[in-house]
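Quick notes on the structure that follows.
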Amino acid sequence: MGLDYKYTLNLPQTDFPMKANLTSKEEKILEWWESIDLYHYVLEQREGCPVFVLHDGPPYANGHIHIGTALNKILKDIVVKYKTMRGYRTPYVPGWDTHGLPIEHQVSLELGEKIKTMSPSDIRKKCEEFALKFVDVQREEFKRLGVRGDWNNPYITLKPEYEVKILEVFKALVEAGNVYRSTKPIYWCPRCRTALAEAEIEYKDHVSPSIYVKLKSVEEPDLFVVIWTTTPWTLPANVGIALHPDYPYSVVRVGKERWVVARQLLDAFFREVGVNSYEPVGELRGQDLEGKEFEHPLFEDRRSRVILADYVSMETGTGCVHIAPGHGEEDFVYGHLRYGLPVLSPVNEEGVFTEGAGKYKGMFIESANEIIVDDLRKKGLLVHASKVTHSYPHCWRCKGPVIFRATEQWFISVDKNDLRKRVLEEIEKVKWIPEWGKNRIRSMVEERPDWCISRQRVWGTPIPAVRCGECNEAILDARIIDHFLKFVEKEGADAWFERNLEELLPNDFRCPKCGSSRFEKMLDTLDVWIDSGSSFEYIVTREDHPFPLDMYLEGSDQHRGWFHSSIFLSVAKRGRAPYKEVLTHGFIKDELGRKMSKSLGNVVDPMEVVRKYGAEILRLWLASSDYFNDIKISMKIVEQQAEVYKKIRNTFRFLLGNLYDFDPERDKVPYDRLLPIDKWALGRLQEVIRLATEYYDSYEFSKVYNLIVKYCTVELSAVYLDVVKDRLYVEAKDSSYRRSAQTVLHEILLALMKILTPIMTFTMEEVYSHLHEKDRKYLTVQAEYWPEYREEFVDEKLLEDFERLLEVREDVLKALEEKRQQDVIGHSLDAEVILRPKNREIELLLEEYRDTLEELFIVSKVRIVEGDECEFKGNAVEVTVRHASGEKCQRCWKYSEEISWGDFPGVCPRCAAVLRGERR
RNA sequence: GGGCUCGUAGCUCAGUUGGUCAGAGCGCACGCCUGAUAAGCGUGAGGUCGGUGGUUCGAAUCCACCCGAGCCCA
């Protein structure tokens, strides 16, 4: 035939490439954002608009970002960008947490032995350098992910202006009287010689001695209580024996003695200690022995008193628990606080026994274990000794076992001034997403003990406390803090280490207890949770933000971490919660749902994903996941998103390509003149906008993702775009048929682009740059407004009709496939379709839309019959498929009986009219 | 050991108050097209809804227990 009408068609034209080349494209887009100062540009476009502040929780600056921090920052970015498009002014100031043990530890490893010759302020300088280096590293990595924020002006906890805020928050607590000095058993690492926070503890298996010891009653010399312990070295500090108040205890005769052991542990106990002949002779309750005294197993001049405690376990041991308030949290709470037993802790900071330990003085506690056991054996009080492997607290720094040791520390009283109660009230006012977050943080706040805030460490915010040189009183005074703050403003908190105490104290300062003016500087630093927990105070004053802040968004571990410290400090300083809404996400696991760890070799590096696939794919992966729970990642899972990305990208390419000649002002067709199929597509788009908005509002991004992916593949690619090709390509460029379709494609393009901007932030920027100039009001798509749901575009009846028409279409497609398998047809345009409606309703429907059926099914001819049965039985219609009669139009490929051979040979009447310029 | 959370096709997710709820997309298989072309279209095969009991006329959906995983504690 050789007749080529291709050049007469309006085929898509676009520079928008099919292949993304994300890695390099993203770099270019990042440069563009940099060049227009994206962050401030977008803020300027929302001048005077209501403000929405997502306050960034500061990551710890001691390494590269990992997949979890990437997840967190991308989620925040999606929220911020969505809110911007909804018309909010959305300042977003990233922050970093920079003080604390991990950095000090890493720096001390780098310095090695040299550290011993360095002054505290020299070590602090090294720590600062280290922290700022990783602030820079992480900043670049976060930016690379496409996160928009005030990167040139972040908040950093080591900066003087921030330290001032930490100390101001702290001062509020000091003034309110919530900070006190106390002896309390706390975790202590004898190797690092430091107090450890609960967060600095790791539980690992440890082999300990397991000994059963009997204590002799003072009143009845044949009566013994048997205790079990895995820390013999704590026995010198023993002052009590705890029994459960409710569970029954048996009195058992063993030889000439009577032993007290919990009834339900009797069998296990005697089996364990290898005693076969015993005889129960009585039973008692904990109350029966409450207050009774027993002889101390090691020191003859001391006694051990029975107390009751409901935490006593009936699972292991004897149900009688050795109490040493100086060496255990619960021992302290029950023994000291409830029963007033003394707190003994005759162990120095290196784990060596002191005076109070009598003959054991000078021994390292672990070496003393054996000797103590030996002494017990000699005294005939050792019932049994063996070894046990159990989970035991270890130091996160040196990995060695830690001990509980009573030391003098600064504490924040959680209950003074009803602080805890007020925090609990505030928790109720916050919106927790998901909802269970509220119960989680509530129970944590309800049960938490007082907050130990002092660290015997160099790298932190100094606690400006002094010790009286006369009476030895430790003094923390608001006046000292105020005076110190003047130095901090100018030179940072380093001043505490660098300046003389005379300068640091107000001139007339005297010891409130003895009036002395001789003081000694105390060098403890603050728990870093005070640093980060004070961030609300810094950001609110620096940016003049409305308080409370709108949202905090972190991993669910922060219910005990940052959300927790922030709300306590905020209630103390400002009387209310710092946030209105708290959104939490889960953790990232490998493809088998296991935790990521170096040892398992299943760690996915976010920057590796970025290098290999692009940040956009990482963002898309995140959007596809239900991040409220733990989510899985692996290169295979990421790869899947690369496929989805291509699909979405090609949809945009098609839309752009078919709008190359569409001027939105000139060519738009009014709604009432749109063809039915176009009206339907426009109506469906409204539904997509409505749902997407709903899902974004509830932060359910995976629902947005599923909605959009399905929309692009099913609704657009497989139906609407496929169907509308005929009109776009074949009809005259400026015809109403083509402009009608383009009008809707244009609406779809803009809406889809905007809906995806928070997630596919790079690609939508690229799409934006390919838009008609009249569609680009801003320099960046990020400043655009959210697509509007237009009710006037929703024709309910039409939408319902099309829902049924599409069911008919499914039947037709199945019938076509059957014939395709039989080689009757290839392309669907080869076919003529004969339909037999299953009922009157469908018959009327088909009649009504008679003129759109061929287009909708993409076939050459559709006939509707009543009588004869058809070959294919569908759900809505029966279908017979035949090869279309007539000849194939060389231009539009539809078969026609009236192919002309005049001016335009081989062409159907429609195409001939188009070519003659008669069809508009 | 305790508190909280999770467990639906190979993958990512839907499944409102228990009764067409066993679904979607991707991937896979087979085929079509060659005017979205390192694209596009069609058809199809995949799950006893972690397991076991129970409540109910009826449960992925309610209860109990168990298994597995995670976070936070001890």
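Here is the naming used below: chain letters follow the sequence lines, and residue numbers restart at 1 for every chain.
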What about A:Thr651, does its side chain sit under 3.5 Å from the base of B:A36 through a donor-acceptor pair?
no

Gap separating the NE2 atom of A:His746 from the CG atom of A:Leu656, nearest 0.5 angstrom:
10.0 Å

Any side-chain N or O of A:Lys6 under 4.0 Å from OP1/OP2 of B:G35?
yes

N/O-N/O pairs, protein side and nucleotides 20-31 of chain B side, under 3.5 Å:
{"unit_1": "B:C26", "atom_1": "O2", "unit_2": "A:Gln640", "atom_2": "OE1", "d": "3.0"}

When the nearest nucleotide of RNA chain B is assigned to A:Gln558 and to A:Asn629 on a heavy-atom basis, which residue is associated with the more 5' position?
A:Asn629

Write down the distance separating the P atoms in B:U20 and B:C26, rounded off to the nearest Å.
26 Å

Are A:Tyr895 and A:His883, when compared by the centres of their aromatic rings, separated by less than 6.0 Å?
yes

Provide the distance between the two C1' atoms, one in B:C57 and one in B:U52, to the nearest whole Å.
23 Å

Heavy atoms under 4.0 Å, any strand shown: does A:Leu9 hit a base, just sugar-phosphate, or nothing?
base

Describe the nucleic acid contact of A:Gly826 in one word from base, sugar-phosphate, nothing, applying a heavy-atom distance below 4.0 Å.
sugar-phosphate

B:A36 OP1/OP2 closer than 4.0 Å to side-chain N/O of A:Lys725
yes

Do the side chain of A:Arg727 and the main chain of A:Tyr737 share a donor and acceptor less than 3.5 angstrom apart?
yes

Is the distance from OP1 or OP2 of B:G15 to the nearest side-chain N or O of A:Lys703 less than 4.0 Å?
yes

Please list, pair by pair, any protein nitrogen or oxygen found under 3.5 Å from a nitrogen or oxygen in nucleotides 66-70 of chain B.
{"unit_1": "B:A69", "atom_1": "O2'", "unit_2": "A:Gly593", "atom_2": "O", "d": "2.9"}
{"unit_1": "B:G70", "atom_1": "O2'", "unit_2": "A:Lys589", "atom_2": "NZ", "d": "3.0"}
{"unit_1": "B:G70", "atom_1": "O2'", "unit_2": "A:Asp630", "atom_2": "OD2", "d": "2.7"}

Let's go through A:Phe652 and A:His770 carefully: what are the C-alpha distance in whole Å and the side-chain angles of both, what is the deciding distance for ring-ring contact (aromatic ring centres under 6.0 Å, His included) to 0.1 Å, and is it a yes or a no?
CA-CA 10 Å; A:Phe652 278 99; A:His770 284 78; over 10 Å; no

Presence of A:Ser717 side-chain N/O under 4.0 Å of B:C41 phosphate oxygens OP1/OP2
yes

Starting at CG of A:Asp811, measure out to CZ of A:Phe857 and round the result to the nearest 0.5 Å.
9.0 Å

Side chain A:His585, main chain A:Phe628, donor-acceptor under 3.5 Å
no

Could you tell me how far apart A:Ile427 (CD1) and B:C4 (C1') are, to the nearest whole angstrom?
14 Å

Stems formed with participation of RNA chain B [Watson-Crick or G-U wobble, under 3.5 Å, three or more pairs]:
B:1-7 with B:67-73, B:10-13 with B:23-26, B:28-32 with B:40-44, B:50-54 with B:62-66

Nearest-nucleotide pick for A:Asp626, side chain only, options being B:A14, B:G40, B:U12
B:A14

Residue A:Asp722, side-chain heavy atoms: nucleotide from B:G42, B:C13, B:G40 that is nearest:
B:G40

Given atom CZ of A:Arg448 and atom P of B:C73, what is their separation to the nearest angstrom?
10 Å

Quantified in whole Å, what is the C1' atom distance between nucleotide B:A38 and nucleotide B:U43?
24 Å

Which nucleotide in the list B:C13, B:U43, B:U12 gets nearest to the side chain of A:Leu813?
B:U43

For A:Phe16, is the NZ or CZ atom of A:Arg649 found under 6.0 angstrom from the centre of its six-membered ring and inside 45 degrees of the ring axis?
yes

When you measure from the side chain of A:Arg560, which nucleotide among B:A36, B:C72, B:G35 comes out closest?
B:C72

Checking all strands, does A:Arg891 fall into the base, sugar-phosphate, or nothing category for heavy-atom contacts under 4.0 angstrom?
base

CZ of A:Arg649 versus P of B:U37: gap in Å, rounded?
13 Å

By the definition ring-ring contact (aromatic ring centres under 6.0 Å, His included), identify the one residue from A:Tyr695, A:Trp621, A:Tyr627 that meets it with A:Phe701.
A:Tyr627

Hey, does the side chain of A:Tyr729 come within less than 4.0 Å of B:A36's phosphate (OP1/OP2), counting only N and O?
yes

Base, sugar-phosphate alone, or nothing: which one does A:Trp621 contact when heavy atoms must sit under 4.0 Å apart?
nothing

With C1' as the reference atom in both, quote the distance from B:U37 to B:C33 in angstrom, rounded to an integer.
10 Å

Donor-acceptor contact below 3.5 Å, side chain A:Arg619 vs main chain A:Ile759:
yes

Give a yes/no verdict on base stacking between B:G40 and A:Phe654: centres under 5.5 Å, planes within less than 30° of parallel.
no

When the P atoms of B:G1 and B:C66 are compared, how many Å lie between them, rounded to an integer?
11 Å

I'd like to know if A:Lys636 pairs up with A:Glu591 as an ion pair, taking the criterion as any Lys NZ or Arg NE/NH1/NH2 lying under 4.0 Å from an Asp or Glu carboxylate oxygen.
no

Work out how far the P atom of B:A60 is from that of B:G7, and round it to whole angstrom.
15 Å

Output the distance between atom NE2 (A:His564) and atom CD1 (A:Ile427), rounded to the nearest 0.5 Å.
8.0 Å

So, is the end of the A:Arg684 side chain (NZ or CZ) under 6.0 Å from the ring centre of A:Tyr711 and within 45° of the ring's axis?
no

Could you please name the option among B:U34, B:A14, B:U37 that lies closest to any side-chain atom of A:Lys888?
B:U34

What is the distance from NZ of A:Lys646 to C1' of B:A38, rounded to the nearest Å?
8 Å

Tell me whether A:Gln742 contacts the main-chain N or O of A:Asn658 through its side chain, where contact means a donor paired with an acceptor under 3.5 Å.
yes

Considering only the C1' atoms, how many Å lie between B:U55 and B:C63, rounded to the nearest integer?
7 Å

Quick one: classify the glycosidic conformation of B:G46 as syn or anti, with syn meaning within 90° of 0.
syn

Whole angstrom value for the distance that separates P of B:A36 from CG of A:Leu745
14 Å

Pick the P atom in B:G70 and in B:A64, then give their distance to the nearest Å.
24 Å

Can you tell me how far the OG atom of A:Ser634 sits from the CG atom of A:Asp590, to the nearest 0.5 Å?
8.0 Å

